[in-house]
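Working notes, beginning with the structure itself.
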Amino acid sequence: MNRDEIMAVLPHRKDMLLLDSVELTGEREAIGAYRVRGDEFFLRGHFPGNPVVPGVILCEIIAQSACLLMKDALPGKTPYYAGIDKLRFRHTVKPGDEIAAHVRL
C-alpha cells in the first residue's frame, strides 16, 4: 500500500502519518515502512546536534502498521492504543534510517 492507500484507511495526516508504505504479507501479518528524512517535527528538539527518533514515535509507527491489518473492521471507527507489554528498544533510529515495523495479529 502506498501513502494514498494508507490515508484511505487511517485518519492520520501530515505530520502524524508515519508510514511511507505497508506490505500486507499475509492475512495476519504486515510490514510498515518509514524512512526518517531528518526534517520531522519530533527531531527538532530530540536531541539538538544528535537527532534520535523518540520511542513514542516508534510505537506510533508500529500502531499505524497494525491498524492496516484491521482495515476491514475500521470504517467509521478510530483505532486507539490499548497498551504495550514488554517493549524494548534495541537501537537508536536516526535521520536516513528506514524503519520496518513487522506486525502480526
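- Between the Arg35 side chain and the Gly96 main chain, a donor and an acceptor come within less than 3.5 Å of each other.
- Taking all atoms of both residues into account, the shortest heavy-atom contact from Ala73 to Lys77 is O-CD, 3.4 Å.
- The nearest pair of heavy atoms linking Pro51 to Pro95 is O-CD, 3.6 Å.
- Of the inter-residue distances, the one linking Phe42 atom CZ with Leu58 atom CG reads 8.0 Å to the nearest 0.5 angstrom.
- Contacts of Asp20 classified as salt bridge (charged side-chain N to carboxylate O under 4.0 Å, His left out), with partners at least two apart in sequence or in another chain: Arg3.
- Scanning both residues, Cys59 and Tyr81, for their nearest heavy atoms gives O-OH, 2.5 Å.
- Atom CZ of Arg37 has more than 12 heavy atoms from other residues, nucleotides or ligands within 6.0 Å.
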Scan the side chains in residues 22-33 for donor-acceptor partners under 3.5 Å anywhere in the protein, sequence neighbours excluded, and list what turns up.
residue, atom, partner, partner atom, Å
Thr25, OG1, Glu29, O, 3.4
Arg28, NE, Leu105, O, 3.2
Arg28, NH2, Leu105, O, 2.7

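- In the hydrophobic cluster analysis, where Ile, Leu, Val, Met, Phe, Trp and Tyr join through side-chain heavy atoms closer than 4.5 angstrom, Ile84 is grouped together with Ile57.
- Val52 and Val56 fall into different hydrophobic clusters, defined by Ile, Leu, Val, Met, Phe, Trp and Tyr side-chain heavy atoms under 4.5 Å apart, directly or through other members.
- Distance NZ/Lys14 to CD/Glu40: 10.5 Å, rounded to 0.5 Å.
- Between the side chain of Asp97 and the backbone N or O of Lys94 there is at least one donor-acceptor pair closer than 3.5 Å.
- When all heavy atoms are compared, the tightest approach of Leu19 to Ile6 is CB-CD1, 3.9 Å.
- One finds the CG atom of Leu87 at 6.5 Å from the CD1 atom of Ile62 (value rounded to the nearest 0.5 Å).
- For the atom pair Met1 CE and Ser65 OG, the distance stands at 11.0 Å (nearest 0.5 Å).
- When the shell of 6.0 Å around CZ of Phe89 is examined, it contains more than 12 heavy atoms from other residues, nucleotides or ligands.
- The backbone N or O of Ile61 lies less than 3.5 Å from no partner atom in the side chain of Gln64, so there is not a single donor-acceptor pair.
- When all heavy atoms of His12 and Met7 are compared, the pair lying nearest together is O-CG, 4.1 Å.
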